[in-house]
Amino acid sequence: MDYGPAPESATEALAWIADRPVIGHFINGRFTAPEGETVEVVNPATDAVLTRVGLGTATEVDAAVQAARAAFPKWAALPGHDRARYLYALARHVQKRERFFSVLETLDNGKTIRESRDIDVPLVARHFYHHAGWAELMADDFPGHTALGVCGQIIPWNFPLLMLAWKVAPALAAGNTVVLKPADLTPLTAYAFAEICAEIGLPPGVLNIVNGDGATGALIAGHEGVAKVAFTGSTEVGRVIRRQIAGSGKKLSLELGGKSPFIVFEDADLDAAVEGVVDAIWFNQGEVCCAGSRLLVQEGIAPRFFDRLRKRMETLRGGDPLDKTMDVGALVSRKQLARINGLLAQAEAEGATLHRAPAQMPAQGAFCAPGFLTGTAPAHTVSQTEIFGPIATTLTFRTPDEAITLANDTRYGLAASVWSQNIDRAIEIAAKVKAGVVWINATNIFDAGAPFGGFRESGYGREGGRAGMREYLTAPARPGKPRPDPAPLSGVAPHAGKADRPSIDVTAKLYIGGKQARADGGQSYTVTGKGGVALGQAALANRKDVRNAVEAAGKAGGWGGVTAHNRAQVLYFLAENLSQRAEEFTAALAACGTPKPAEEVAATLRRAFWYAAQADKFDGTVTATKSNHVTLTVNEPFGTMGLIAPDEAPLLGLMSLILPAIAMGNRVVAVASQSHPLLATRLYQVLETSDIPGGVVNLLTGTRDELAKTLAEHDDVAALWYCGSASGVAMVETASAGNLKPVWTDQGLTRDWLDPAQGQGRDFLHRAVQVKTIWLPYGA
Ligand code: NDP
């Protein structure tokens, strides 16, 4: 039996396009003709030119940002219920025009109508409904939190309208205003969406759309009127944006590339797993950031599994994306096709074999037959690089441990899919794989209530659910003074004194791997206290010491696996030991000129108790998403964190960073206050007697920003907190672009660490974890 053609009519969408020979911008509630260059918008399935789109200029970007700024105060001040009504209206209007939007998306992007109609557009409506709910609940669920201001949002071409919804819905719900740039390859559905905004009477300036290419995107990200940048696209551009806005105070969320493992165990339901591959890598022509693009198959079933895949490929139909019977449509552009073909040629040159679906793909248009590669090795380019097309690589494994090693052998960490009928094994793998989203016996399922986002070089920040809302809100404002750059070190000299010798000769060491360690360079510096009195000497750590400390932290990975109850006990014990030496610490704080030494010690003890209490209570959630699915959001530690302590509260400031980080299961390399490091060195004995395993807390003293830079650049440091000066903030944010670690700074402003509202709280805990979303389907 063969299929007859079943084309969806494009008449309405084509007429809409014909009426718009040039797509301009939507600024301050008005559709404006582009003042600069325009480029063609092409249907990639036919090569036909649909229309042209303007490339937004600096003047147009500025006009959009000014409009968004002007609209912000009123929009942010609206009761949540009023904003909810606008979002609800947007959802309803998208729903009413589902067919039109689906066809328009398919014409513009090349994806099949089945996908745009059954997945993209319904999810768009779902996002606006869900976030109408968050707008309604803002005051209850995020008390004291406020919107950020103007959000600059830059989206890619693979899910044009859906990415708009993921970005715009939470931003508007929280009370922000938006300047959004669609990809220049796919501007049509965003423009049609702007027409809905005008129709429902969304206040002018609340959502602005400036079309354009990367240069326009850079203008938006760099505009001084923008308070937050949200970007989805390639890791390379994510890095460019991270560096571009370093030190600007802008909040940043990045949803970047992936090379997600699809792990099939011998005990998997193989038929289901084969169907899983169809959804993992051939869905949307593989142009999916979380595509299951690396098939890891247990050795015993690999030949059988690949045979079944080949058989399944025989039934795939590729061609006209508007035909409702098609499984595979066109890629977004011929440029993307050439890029993929280049990678495939390289794979074959490296010894891989390409297995292609026999489907006859049209000669006209950007079509790429689906397939998979065998004979790929972990080091091959295609095993490490995002192909972003309908071709999976394959590797085999013998044991679950090997599967984990292979799964995590990537710089990315966006998603993973695990196939096994053994629930124990599946959950164990889900826990061990380094990815922001894990699907068990499923793949590529999304919901507005389930946070989505990556670990490692797949970016940071989440989209969807409560975690997604946090990206568009700011905690209650706190006063603070600009923190000065620390004075240059004085009295730097080769280390001479002994650790146990009193007075000026006391030369403290570093604390690495649970032991006191001499500084690699053998140097120390003089520490002065109140009235310039010399108090002693501190070790001057260098890059080698940072590397040693990070290595020691790396070896203490067991800390993340101990029970939260154990971590809580260790923190209580730490507080107990500190309390026995309270007088000594009070005296030391007084000597260095802290205004309220006894209060600082007492607050440190209370803080240890508070985080001990949180260790087994700051939990994830179970979210209602789709029927027959349990969706878990789990708070996972980052691994090794770098912490740069403030000068203004040498003991409490340092401990206010260490405690939440280790309570959540991280190991830390902490740099003590440069001006008052001796408080930290006194902690060594407390730590040694407190059951904290060696390597969980490592303490360094020395030149703050030199050590901070090394930590920011270090690939094995997964997150960084920096409490230094404004120039230091810019420096660490720039240096963090290498492995794209999340950096949390207090913008170079001091805190009143004694005040629990400023120096303690759930915000610290949120910053100490990354959310992993695990999907578990159930039922036959
Ligand atoms: P990009 O990262 O270049 O594009 C994503 C968006 O960013 C587009 O709107 C683009 O504009 C814009 N942009 C480009 N440069 C800048 C800049 N310097 N500042 C601000 N915005 C910028 O991805 P590509 O389209 O070039 O695709 C290349 C590869 O990236 C793909 O093959 C795939 O591997 C990966 N990718 C990953 C995506 C994901 O979802 N994770 C999505 C898209 C691509 P414009 O396109 O108009 O020039």
Side-chain angles (χ1 to χ4, degrees), residues 23 37-42 44 53-56 61 108-109 111 152-160 162-164 166-167 179-188 190 209-223 226 229-245 250 252-260 283-291 293 331-344 366 368 381-382 384-391 411-415 436-437 444 446 452-454 457-461 463 737 740:
I23 299 288
E37 200 188 328
T38 62
V39 293
E40 288 175 345
V41 179
V42 173
V53 64
L55 303 183
V61 168
D108 204 9
N109 167 276
K111 63 175 68 199
Q153 305 185 321
I154 298 157
I155 55 173
W157 39 256
N158 52 346
F159 293 90
L162 185 56
M163 288 302 105
L164 174 151
W166 282 25
K167 299 263 179 296
V179 176
L180 173 115
K181 188 197 85 66
D184 64 340
L185 289 175
T186 53
L188 298 185
I209 293 177
V210 181
N211 277 301
D213 56 10
T216 311
L219 287 168
I220 294 172
H223 197 292
V226 165
V229 178
F231 171 77
T232 297
S234 61
T235 294
E236 289 65 34
V237 175
R239 258 193 205 106
V240 168
I241 293 177
R242 171 61 291 176
R243 294 195 181 105
Q244 182 192 4
I245 67 170
K250 291 173 191 171
L252 176 64
S253 50
L254 297 172
E255 202 271 87
L256 308 175
K259 194 76 192 169
S260 300
F283 161 65
N284 208 41
Q285 296 65 245
E287 296 170 325
V288 184
C289 51
C290 51
S293 53
L331 297 172
V332 74
S333 67
R334 283 190 178 260
K335 188 171 159 212
Q336 186 66 5
L337 177 61
R339 188 183 160 277
I340 293 167
N341 285 338
L343 280 165
L344 296 181
C368 177
T381 311
V382 281
Q384 297 295 335
T385 310
E386 192 175 33
I387 297 178
F388 226 62
I391 312 288
R411 61 198 176 107
Y412 297 115
L414 192 51
V437 182
N444 274 340
F446 311 96
F452 182 92
E457 291 182 34
S458 291
Y460 41 78
E463 298 189 296
L740 282 165

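Atom set for the values below is all heavy atoms of this structure, side chains included, hydrogens, waters and symmetry mates excluded. Whatever order the structure lists ligands and atoms in, that order sets their numbers, starting from 1.
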Atom 24 (P) of ligand 1 has as its nearest protein heavy atom W157 NE1, 3.8 Å
Which of these, K335, K181, Q153, has its nearest heavy atom closest to atom 10 (C) of ligand 1?
K181
What protein heavy atom lies closest to atom 34 (O) of ligand 1? Include the residue and the distance to one decimal.
E386 OE1, 2.9 Å
Proximity of R339 to ligand 1 by residue part, where a heavy atom lies under 4.0 Å
side chain
Do me a favour and list the nearest non-hydrogen protein atom to atom 33 (C) of ligand 1 with residue, atom name and distance?
F388 CG, 3.3 Å
Counting heavy atoms under 4.0 Å, the part of Q336 that contacts ligand 1 is side chain
Determine whether V332 and N158 make a side-chain contact, defined as any pair of heavy atoms from C-beta on separated by less than 4.5 Å.
no
V288 and ligand 1 - part of the residue with a heavy-atom distance under 4.0 Å
neither
In the protein, which heavy atom is nearest to atom 9 (O) of ligand 1, and how far is it?
I155 O, 2.8 Å
Atom 5 (C) of ligand 1: which of I340, T232, V237, I154 has the nearest heavy atom?
T232
Is a salt bridge present between E287 and K111, judged by a nitrogen-to-oxygen distance below 4.0 Å?
no
Indicate whether atom 28 (C) of ligand 1 is within a distance of less than 4.0 angstrom of some protein heavy atom.
no
Looking only at protein heavy atoms, which one is nearest to atom 7 (O) of ligand 1, and how far off is it?
F231 CE1, 3.1 Å
Atoms of ligand 1 less than 4.0 Å from N158 heavy atoms?
40 (O), 42 (C)
Relative to each other, are the rings of F159 and F283 parallel, tilted or perpendicular (30° and 60° limits)?
tilted
Which residue and non-hydrogen atom of the protein lie closest to atom 30 (O) of ligand 1, and at what distance in Å?
S234 CB, 3.1 Å
Among non-hydrogen protein atoms, atom 46 (O) of ligand 1 lies closest to D184 OD1, 3.6 Å
Between K259 and Y412 (side chain of the first, backbone of the second, donor and acceptor by atom type, cut-off under 3.5 Å), is there such a pair?
no
Best match, P156, G214, A215: closest heavy atom to atom 14 (C) of ligand 1:
G214
